[in-house]
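Let me begin by presenting the structure, written as structure tokens, before commenting on it.
Side-chain atoms are counted along with the backbone in the values below, which use heavy atoms only and exclude waters and symmetry mates.
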Amino acid sequence: MNVRPLRLGLSDLFVFSALIVCGCASHPDTAQPAATTYEEDFNDPLEDANRKIFAFNQFVDRNAIVPAAKAYRTALPEPVRDSLRDLLNNLRAPLIFVNDTLQGQFESAAKTVGRFVINSTIGMGGVVDVAGRWGIPFHEEDLGLTLGTWGIPEGPYLVVPVLGPSTPRDLGGQVAEGFGDPFNLMVTGNPWTLYWIPFARGAVSGIDQRSRYIETLADIERTSLDYYATIRSLYRQRRAALIRHERENLPPPAGFSQRDDQRSPAVSMAARPAMMSQASEVSEVPK
């Protein structure tokens, strides 16, 4: 039996780690309401285990991923990194098209086809985002978002080793996409059996993502009252906004995923106060 490798890897953890943009704060006189909101909104019955896995992920990040990301950023100039990211985004176009269609977003599906055709031809296989320059920007879709659009509950909050923040619905979507990705099926089937390529693809995407968030995440971790709770809060906010098809003023992605928009990871000073307020309303200070 030909078992296809999953496209789960460092990439999904990087984007989720970068989700955090601000510290969270709870005033003593509002600690109890904050805790109540946390229990109702975040459905985190596995918090003790999740925090331990989160600490493990931070250890891996500090000692392996960040050094690799810094080396990657030093070795490759920014235009080369941008071209590589455009190529990886282009490889996701078939999956994005399927999810657009399943959600009934036919205009977005048509734009996804247009992006793929333009970038795969004029854009030399996707290394140049010609479609983006012509006014057809990349947008984020995945099976977890599709299931959410259909009304399937997300389930309890999870922190997955190396992959980072997730839910059963989102994790299941990632697994299904890993097996159904046309590019993975092509390179791991006859006449090619290049099983290492999907893993290399995930690793490169993850390192590229992490290289773009080094300073941002360091600042967030340094200033956050509860780093874990802030990630959890903004992860849920971002996923809920994407299910509603809101693509403006989103919290930055916080994990290691290829699913990312084309904007800079830096958060504008104007956006920070509102996001800090949102995080403080839904975050709990650890005991």
Side-chain angles (χ1 to χ4, degrees), residues 4 6-9 11-12 14-16 18 81-152 169-188 197-198 201-202 204-206 208-209 212 238-253 255-265:
R4 315 244 183 231
L6 302 182
R7 196 173 48 80
L8 300 176
S11 68
D12 284 319
F14 289 140
V15 172
F16 290 131
R81 300 197 304 269
D82 288 343
S83 292
L84 183 57
R85 188 190 192 203
D86 290 338
L87 172 63
L88 294 169
N89 284 341
N90 198 54
L91 292 177
R92 275 196 57 78
L95 288 174
I96 293 173
F97 167 76
V98 170
N99 283 293
D100 283 335
T101 304
L102 291 175
Q103 294 177 33
Q105 300 293 314
F106 301 115
E107 182 179 351
S108 293
K111 289 180 179 180
T112 299
V113 172
R115 277 186 55 84
F116 183 72
V117 172
I118 293 170
N119 287 345
S120 297
T121 54
I122 303 175
M124 298 179 291
V127 297
V128 180
D129 185 11
V130 177
R133 297 174 185 178
W134 288 359
I136 312 176
F138 175 80
H139 70 275
E140 179 178 334
E141 286 296 349
D142 58 67
L143 186 55
L145 296 175
T146 297
L147 296 175
T149 301
W150 291 351
I152 296 176
R169 184 183 68 200
D170 291 346
L171 185 60
Q174 285 179 256
V175 172
E177 285 195 350
F179 281 109
D181 188 304
F183 177 77
N184 286 357
L185 294 173
M186 180 181 69
V187 299
T188 60
I197 289 184
R201 174 187 172 189
V204 171
S205 180
D208 176 75
Q209 286 290 346
R212 298 170 187 270
R238 180 180 176 84
R239 297 297 285 177
L242 287 171
I243 288 172
R244 296 191 299 268
H245 305 292
E246 296 175 2
R247 292 171 183 161
E248 298 295 329
N249 301 318
L250 287 172
F256 295 13
S257 171
Q258 296 155 346
R259 302 186 298 273
D260 186 23
D261 57 29
Q262 294 286 39
R263 283 169 283 185
S264 168

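Annotation for L143 and A176: closest pair CD2-CB, 3.5 Å, computed over non-hydrogen atoms. Summarising the geometry of F116 relative to A93, their closest heavy-atom pair is CD1-CB, 3.5 Å, with the distance given to 0.1 Å.
No side-chain heavy atom of E141 sits under 4.5 Å from any side-chain heavy atom of L102. You'll find the side chain of P198 reaches within 4.5 Å of the side chain of T188, heavy atoms only. R85 places a side-chain heavy atom less than 4.5 Å from the side chain of Q209. The side-chain heavy atoms of H139 and Q105, taken from C-beta on, include no pair separated by under 4.5 Å. The shortest distance between side-chain heavy atoms of V127 and D86 does not fall below 4.5 Å.
A distance of 6.5 Å separates CD of E140 from CZ of R239, quoted to the nearest 0.5 Å. Interatomic distance, L91 CG to F183 CZ, rounded to the nearest 0.5 Å: 5.5 Å. Between the CE atom in M186 and the CD1 atom in I197 there is a gap of 8.0 Å [rounded to 0.5 Å]. We find the CD1-CG distance between I122 and D129 to be 12.0 Å, quoted to the nearest 0.5 Å. To the nearest 0.5 Å, atoms CG (D142) and CD (E177) are separated by 5.5 Å.
Remark: T149 engages Q103, I243, H245 in a side chain to side chain contact (heavy atoms under 4.5 Å, CB included) (not counting sequence neighbours).
A salt bridge links R212 with D208; the closest basic N to acidic carboxylate O contact falls under 4.0 Å.
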What verdict does the side chain to side chain contact (heavy atoms under 4.5 Å, CB included) test give for D100 and F106, after you've listed the backbone C-alpha separation in whole Å, the side-chain angles of each residue and the deciding distance to 0.1 Å? CA-CA 7 Å; D100 283 335; F106 301 115; over 6 Å; no

Side chain to side chain contact (heavy atoms under 4.5 Å, CB included) assessment of L95 paired with D181: CA-CA 7 Å; L95 288 174; D181 188 304; 3.3 Å; yes

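When atom types are taken as modelled, the side chain of R169 and the backbone of L147 share no donor-acceptor pair closer than 3.5 angstrom. Between the side chain of S205 and the backbone N or O of R201 there is no donor-acceptor pair closer than 3.5 Å.
Tested against R115, the residues V117, I118, T112, N119 include a single side chain to side chain contact (heavy atoms under 4.5 Å, CB included) partner, N119.
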